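Right, one structure below, let's go through it.
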Protein chains: 6
Amino acid sequence: MSNRVNFIGCDATYEAAETVLIGVPFDGTTSFRPGTRFAPQVIRLESVGIETYSPYQDKDLTRQKIHDMGDVDVVFGNIERTLHAVKDAVQSVLKDGKRPFVIGGEHLISLPVIEAVYAQYPDLCVIQFDAHADLREDYEGEPLSHATVMYQVHRLLGDKRLFQFGIRSGTKHEFTYAKQHTIMERFHADTLEDILAQLGERPIYLTVDLDVLDPSIFPGTGTPEAGGWDFMTLHKALMQFQGKNLVGMDVVELSPHYDMSGVSTAVAVKVIREMLMHGSR
Amino acid sequence: MSNRVNFIGCDATYEAAETVLIGVPFDGTTSFRPGTRFAPQVIRLESVGIETYSPYQDKDLTRQKIHDMGDVDVVFGNIERTLHAVKDAVQSVLKDGKRPFVIGGEHLISLPVIEAVYAQYPDLCVIQFDAHADLREDYEGEPLSHATVMYQVHRLLGDKRLFQFGIRSGTKHEFTYAKQHTIMERFHADTLEDILAQLGERPIYLTVDLDVLDPSIFPGTGTPEAGGWDFMTLHKALMQFQGKNLVGMDVVELSPHYDMSGVSTAVAVKVIREMLMHGSR
Amino acid sequence: MSNRVNFIGCDATYEAAETVLIGVPFDGTTSFRPGTRFAPQVIRLESVGIETYSPYQDKDLTRQKIHDMGDVDVVFGNIERTLHAVKDAVQSVLKDGKRPFVIGGEHLISLPVIEAVYAQYPDLCVIQFDAHADLREDYEGEPLSHATVMYQVHRLLGDKRLFQFGIRSGTKHEFTYAKQHTIMERFHADTLEDILAQLGERPIYLTVDLDVLDPSIFPGTGTPEAGGWDFMTLHKALMQFQGKNLVGMDVVELSPHYDMSGVSTAVAVKVIREMLMHGSR
Amino acid sequence: MSNRVNFIGCDATYEAAETVLIGVPFDGTTSFRPGTRFAPQVIRLESVGIETYSPYQDKDLTRQKIHDMGDVDVVFGNIERTLHAVKDAVQSVLKDGKRPFVIGGEHLISLPVIEAVYAQYPDLCVIQFDAHADLREDYEGEPLSHATVMYQVHRLLGDKRLFQFGIRSGTKHEFTYAKQHTIMERFHADTLEDILAQLGERPIYLTVDLDVLDPSIFPGTGTPEAGGWDFMTLHKALMQFQGKNLVGMDVVELSPHYDMSGVSTAVAVKVIREMLMHGSR
Amino acid sequence: MSNRVNFIGCDATYEAAETVLIGVPFDGTTSFRPGTRFAPQVIRLESVGIETYSPYQDKDLTRQKIHDMGDVDVVFGNIERTLHAVKDAVQSVLKDGKRPFVIGGEHLISLPVIEAVYAQYPDLCVIQFDAHADLREDYEGEPLSHATVMYQVHRLLGDKRLFQFGIRSGTKHEFTYAKQHTIMERFHADTLEDILAQLGERPIYLTVDLDVLDPSIFPGTGTPEAGGWDFMTLHKALMQFQGKNLVGMDVVELSPHYDMSGVSTAVAVKVIREMLMHGSR
Amino acid sequence: MSNRVNFIGCDATYEAAETVLIGVPFDGTTSFRPGTRFAPQVIRLESVGIETYSPYQDKDLTRQKIHDMGDVDVVFGNIERTLHAVKDAVQSVLKDGKRPFVIGGEHLISLPVIEAVYAQYPDLCVIQFDAHADLREDYEGEPLSHATVMYQVHRLLGDKRLFQFGIRSGTKHEFTYAKQHTIMERFHADTLEDILAQLGERPIYLTVDLDVLDPSIFPGTGTPEAGGWDFMTLHKALMQFQGKNLVGMDVVELSPHYDMSGVSTAVAVKVIREMLMHGSR
């Protein structure tokens with residue numbers, strides 16, 4: 001008897017868990033018919049539609065030690081307090097020696113998560129899979145936005161510690177900025193293997209904006225951008241993280257109201273299952 | 001920090017609560033792309049879209065003492081064990097002197113709820129708002145089904161203690177059966193006021209199959225049946241329960257996958273808010 | 001073993017039948033993603049969703065003698081030949097002493113049906129339920145169109161033998177034309193009872209353009225027009241035909257591709273069930 | 001040859017026009033997948049689906065002198081500048097002795113329109129048809145919002161000059177505020193006729209939030225609220241403005257992305273046609 | 001004049017036919033809003049949307065000798081009797097020296113078809129294209145289910161006579177079972193060509209669960225599973241059956257209610273056209 | 001203040017422009033719920049969803065000299081006059097030394113555009129990307145149709161000056177005709193590079209029927225045909241036109257009413273952005 005709905009197979013106690021799943025139902029300034037805020041709960045509900053066993057990795061989620069902690073309490077209309085609450089939740093998980101896995105919500109929620117992880121791991125690198133560069137200095141005057149989040153991450157980490165893959169949209173200025181300050185591979189992730197080899201044992205944070213996928217397989221997002229990856233391209237990129245020192249992860253930007261066929265949610269659920277089985281300290 | 005999602009304004013502790021909200025995410029034999037099983041969680045999620053204040057009753061949900069207990073653990077593929085779990089949950093709530101309010105799921109889930117309430121209140125009457133008589137003796141050989149539930153309730157309570165309103169679909173046999181064994185008003189609820197007056201202080205259980213509403217306002221259900229009530233007709237009927245001895249209630253048969261516009265869910269949420277404010281022992 | 005799908009409960013043989021159901025999957029000049037052409041088969045398929053028993057009339061379809069003859073062979077791209085084929089099919093049914101009941105398709109298909117029925121019953125009157133007057137002399141130069149069909153019917157029958165109800169859209173010219181040549185009640189059907197009384201035993205043809213219904217209950221049509229009838233208003237109007245000399249009927253303009261929730265089809269099916277139980281010579 | 005799309009029948013030149021139609025494609029802080037911002041253009045495009053003739057009023061839009069001026073240039077991310085641009089556009093129209101008719105966009109856009117009209121007509125009264133009171137003093141800290149717009153209008157006009165009809169949702173505080181400061185009829189518009197009679201020749205501004213309609217006929221809005229008016233109830237209320245001194249009007253809150261069947265847009269178009277034919281100085 | 005709708009180009013008489021198309025509108029225990037049961041008729045209706053000519057094979061369906069026999073009479077609520085009826089129909093077709101081509105319905109319907117074909121061809125091999133292994137021994141206690149069908153087929157044929165391609169979902173147990181008892185290629189069909197060469201002239205039955213396709217091109221199914229084949233991958237696999245001894249085929253698991261765009265049905269129709277042109281005794 | 005909506009970044013004056021964008025909202029004989037006629041305006045509205053900068057070409061639309069001229073006035077019900085109006089508009093643009101870029105509308109609209117361009121460039125070649133051959137001599141008796149347009153173009157230009165790529169559907173006759181009279185590569189565009197090299201400096205007209213794309217990425221069209229190109233395949237083909245003598249272009253067959261997720265429109269917008277940056281005299 002409960003009104004908890006856990007992601008399938010994530011039934012470890014907090015104490016026993018190595019990885020802790022946290023939802024952040026936040027979509028910022030959107031005050032009616034919000035979109036990505038529904039993603040964490042919808043993802044949990046629909047996760048029963050897949051098996052806990054992955055034939056790709058020959059692993060089973062039920063054998064991993066994962067606790068689903070539920071959602072951060074979002075303060076609607078107050079971005080700062082919400083970002084604080086996210087940061088607090090992640091810090092607490094890290095302090096207990098566990099690995100955070102965050103489900104958004106919009107991409108801005110990666111910022112407080114990365115801040116908390118960076119505080120714990122000062123030599124952190126961030127790897128981003130995304131259609132959009134997210135490197136604007138402000139978005140219509142607003143410095144904290146889904147379109148500025150990676151600019152903020154860069155300012156936090158400094159040059160050449162943010163690795164961007166799959167980027168196929170942005171202003172000319174963003175692409176110029178990337179050349180100077182980040183490592184960006186446009187469109188593809190062909191260099192990912194080499195980069196991961198170079199990073200060796202350094203702690204890695206992985207942020208997956210699901211719109212890196214092609215809209216054919218992932219229509220359920222706010223800003224569909226043609227020319228993206230098919231599911232297996234994303235899957236193969238994710239498989240390269242096996243055995244890496246992945247100290248935190250997030251998956252963002254599913255917008256269930258635009259996912260009429262339910263396929264986008266099914267994709268998000270499978271991506272999360274596979275990622276949950278990857279790397280651990 | 002939680003992965004609980006309560007129905008809006010239902011934040012009392014269990015101890016303090018007078019009414020306890022229980023979800024039953026059960027849709028029986030439907031094994032893939034289930035329908036009504038998603039209703040309790042979707043209803044909780046979307047309940048943030050309405051105000052806690054009712055201008056119809058000049059009451060506020062936050063002032064009521066309601067605890068949202070979450071969902072009963074459903075055993076898929078095992079109807080009997082699921083019905084048992086529902087009955088147990090409701091019995092426990094009743095034993096603690098609280099009133100159960102159940103959100104389905106399919107209509108069959110009313111049966112164990114009514115069994116538990118009847119055990120507590122032997123002079124119980126049941127009032128049903130529904131498009132369908134649900135008086136079949138079996139449905140394709142199966143005695144426990146959404147189409148037989150009120151036949152089972154009648155067998156439990158005996159003659160003339162089941163009051164059916166709004167019924168506009170059934171076999172000829174069901175309507176004949178009703179003439180002998182239940183009190184049925186076809187299509188409308190014009191006699192409701194008189195019947196409630198006659199029942200006086202007797203304990204009443206109210207079961208609302210949302211398909212009593214016209215499909216124009218409630219398309220999100222498995223068996224849409226034209227010629228139903230508009231929202232205000234249902235609302236007026238519900239208003240007559242103010243001050244009555246309502247000892248249990250349920251709301252069933254929202255099927256979110258068929259609610260593309262989201263309107264059916266918004267209707268279900270408002271119906272539940274209004275009902276939660278009605279009657280108490 | 002068959003690839004016939006009959007409308008539910010219409011399983012009489014042709015020989016035994018008093019009423020014969022005929023589909024006309026025609027939507028004229030629409031050459032790709034056709035709309036109303038799919039209606040007859042979709043209506044048959046979805047008819048299993050309702051009971052054969054009507055609690056409104058206390059009759060059961062299975063007791064009526066109705067044969068479902070299937071669909072007329074439509075010649076795409078050739079309006080004239082298609083209209084001929086419809087006329088032939090109806091004439092043959094009439095010659096065998098049976099009553100035709102036609103499911104469209106677009107409204108133009110009423111023309112050959114009425115021509116055939118009129119040949120058999122020279123004192124025929126036609127009653128039309130519709131949102132649109134359909135009294136244009138031509139539609140963008142084309143004299144045979146869903147927008148001109150009742151102009152053609154008037155030319156066939158002469159003045160004051162076409163009775164139009166529920167009309168709420170048309171050009172000023174059409175409304176002026178109606179004043180001179182037809183009997184039109186705008187918006188409502190309040191005068192229907194009196195008119196039916198006056199017609200007495202005269203043979204009546206009833207054509208129901210389902211867009212007479214309000215788009216709230218019938219969104220699945222090509223030209224939704226707000227301010228229409230709710231289902232019970234249509235149902236009450238239809239009930240007045242009990243015992244009348246109804247010698248032919250049609251139901252047109254369901255467009256299944258615009259009926260995402262399936263409610264419009266469920267409504268069409270119920271309207272047809274009720275009409276099939278009405279009047280017979 | 002043009003890329004202008006006028007609302008059907010609104011083809012007068014600016015010089016010849018008595019009424020000027022202005023679109024305000026603004027939905028405030030929603031930065032991706034915006035909703036009501038698409039309404040003005042979608043309304044123009046779909047307006048070809050209705051006749052220019054109204055059988056309710058026996059008038060034809062083509063005989064009215066209406067100019068469709070197009071849309072105000074919205075400055076995304078800058079509410080103040082956008083509201084200024086709206087106010088400027090309306091002031092200019094008023095200065096030229098013409099009547100503004102504004103199509104939103106979200107309800108906040110009524111504020112600058114009313115400010116401009118009030119400057120011209122100091123004894124202005126405002127009549128609001130709406131599901132929501134919109135009387136909050138702030139919405140999550142923000143004083144300019146769709147949820148505060150009528151609070152702002154009241155502060156502009158002073159007590160008892162704002163008349164609210166159909167209101168069925170709000171906080172308890174909003175309803176209390178209304179008792180002191182506005183004239184509110186909850187749920188219905190039964191007192192409209194008397195109030196209009198009392199207002200006599202005073203200049204009236206009419207703002208129609210389309211969510212006053214029931215979600216059955218108007219699902220395409222951000223915050224569907226059951227228990228609203230059907231189309232004919234709204235239409236009858238609107239008909240009472242015939243011959244009144246209507247000096248400005250707006251129609252807001254169609255959200256085309258949630259209007260899958262297209263019915264909500266068809267309703268909005270018909271409402272606008274009827275309103276355009278009403279009253280003039 | 002008929003209410004038969006044949007798959008396009010399948011107009012041979014039964015007597016003249018070499019291949020006989022049979023629909024099985026069965027979706028087991030789903031009692032309301034059934035899904036795959038509508039597939040055979042929807043597939044026939046929408047088949048008019050493609051050409052009868054295949055530029056891939058330079059063949060035309062109208063030149064093949066194919067008879068569309070319609071649908072097996074399904075006994076709802078009685079799985080055993082339905083499976084018997086399917087087996088009977090297929091046996092009768094085989095006895096007449098013709099080849100059965102079955103359109104589902106859910107995957108369970110392959111079982112009686114394969115039983116009948118196996119009785120005729122004792123050295124039969126079965127080739128399965130599917131996302132799911134379908135090798136469970138029971139599904140929630142039920143031995144006859146879409147999730148157990150290939151386990152049943154294996155028990156019928158014995159070891160190493162079932163060849164499974166494209167499998168990307170199942171329990172760990174199912175994959176272990178496959179290693180011992182079937183020939184399974186996970187994810188792909190790279191070994192198909194070699195296997196077909198080895199099978200030589202042996203009789204082959206091909207069962208295509210359309211969910212082997214990626215949900216991007218085939219969203220209209222009950223259990224979408226990302227990472228599937230695109231259309232051309234399936235098409236190339238099918239092309240390898242040209243000239244093979246294909247003695248029976250089926251295509252299953254289209255669920256039209258989840259195919260909002262109509263694309264999944266268009267895909268199913270094209271797959272069937274291509275398969276109908278393949279192999280013959 | 002305007003009711004013009006330009007395609008994003010196309011804000012040059014007519015005088016300054018080198019390329020002129022023209023919409024043709026024509027879908028021929030479809031008289032209700034028209035489809036492709038809405039494409040030009042929907043494409044303009046949704047174009048704000050992409051960046052003006054292309055990372056593929058490192059160019060920005062705002063630096064190109066493009067004027068959006070709006071839509072040709074379509075005469076509904078009169079194909080000939082509409083085609084004339086299109087031809088006139090294009091001729092006028094060509095006479096002013098500018099390049100026409102046309103957005104449909106159905107494919108037939110390419111005919112008058114090509115006629116006008118051919119008159120200016122007698123050695124014109126036409127390159128077609130399409131799923132369908134469009135080489136029928138007539139379509140159900142009609143010589144001017146979306147299914148005959150390339151037959152008409154061939155008759156205009158003569159043999160071997162029409163180059164067709166991606167064709168995967170047609171009658172056997174159309175493919176035979178193509179062998180004699182056009183240069184057709186079925187399914188792919190592998191020979192495009194060589195052909196473009198051979199054409200050298202000859203003037204080229206490019207017509208893109210968006211249904212050349214696979215329905216997975218482009219469901220929003222009237223005749224979805226599986227087995228098409230993914231977005232990057234089309235994009236790579238388009239990239240080969242960089243630096244070529246492209247004297248005219250069109251993009252046709254988006255049908256917004258079948259684009260529920262909005263993805264097809266997003267794709268069309270991105271295709272147009274990339275094409276607008278290609279080639280110029």
Side-chain angles (χ1 to χ4, degrees), chain E residues 8-9 43 46-64 208 210 212-221 224 226-239 251 254 258-275 277, chain F residues 35 130-136 139-140 146-147 164-179 184-188 210-233 254-265 267:
Chain E
I8 195 169
I43 283 171
E46 301 278 345
S47 68
V48 300
I50 57 165
E51 305 283 350
T52 55
Y53 173 74
S54 165
Y56 306 95
Q57 305 195 48
D58 191 22
K59 292 184 185 170
D60 199 299
L61 265 194
T62 57
R63 301 291 180 86
Q64 315 293 311
V208 177
L210 289 162
V212 75
L213 289 165
D214 195 63
S216 55
I217 185 64
F218 199 77
T221 192
W229 299 353
D230 62 18
F231 178 81
M232 287 313 296
T233 301
L234 173 57
H235 191 263
K236 279 170 199 159
L238 291 173
M239 286 292 276
V251 174
L254 169 68
Y258 292 101
D259 180 33
M260 287 157 194
S261 64
V263 164
S264 308
T265 304
V267 165
V269 163
K270 191 164 179 177
V271 166
I272 291 169
R273 181 189 74 190
E274 295 294 310
M275 288 173 67
M277 291 171 176
Chain F
D130 203 334
H132 307 89
D134 293 351
L135 290 173
R136 298 189 186 209
Y139 188 63
E140 295 172 355
H146 58 95
Q164 305 183 288
F165 297 92
I167 311 301
R168 60 190 188 274
S169 180
T171 63
K172 187 173 175 61
H173 180 75
E174 288 178 87
F175 284 95
T176 307
Y177 188 92
K179 276 189 193 139
M184 181 194 285
E185 182 180 352
R186 295 178 314 157
F187 316 132
H188 308 294
L210 289 162
D211 68 18
V212 75
L213 288 165
D214 195 62
S216 55
I217 185 64
F218 200 77
T221 192
T223 48
E225 180 77 32
W229 300 353
D230 61 18
F231 179 81
M232 286 314 296
T233 302
L254 170 68
S255 188
H257 281 174
Y258 291 101
D259 180 33
M260 288 158 194
S261 64
V263 165
S264 308
T265 304
V267 165

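Since the structure is predicted, the reported quantities are computational estimates derived from the model, not experimental observations. We name chains A, B, ... by the order of the sequence lines, and we start the count at 1 in each one.
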| said: Check the orientation of Y56(E) and F187(F). Use parallel for under 30°, tilted for 30 to 60°, and perpendicular for over 60°. | reply: parallel
| Short side-chain donor-acceptor distance under 3.5 Å, T265(F) and D259(F) | yes
| query | With chain F, which of G49(E), P55(E), S264(E) has the greatest number of heavy-atom pairs at distances under 4.5 Å? | reply | P55(E)
| message | Please classify the contact between Y53(E) and chain F as side chain, backbone, both or neither, with a heavy-atom cut-off of under 4.5 Å. | response | both
| task | Calculate, to the nearest 0.5 Å, the distance between atoms CD1 and CD belonging to I50(E) and E274(E) respectively. | result | 8.0 Å
| query | Any salt bridge between E225(F) and K270(E), counting N to O under 4.0 Å? | reply | yes
| task | Pick one of side chain, backbone, both or neither for R186(F), based on which atoms fall under 4.5 Å of a heavy atom in chain E. | result | side chain
| Part of F218(E) lying under 4.5 Å from any heavy atom of chain F | neither
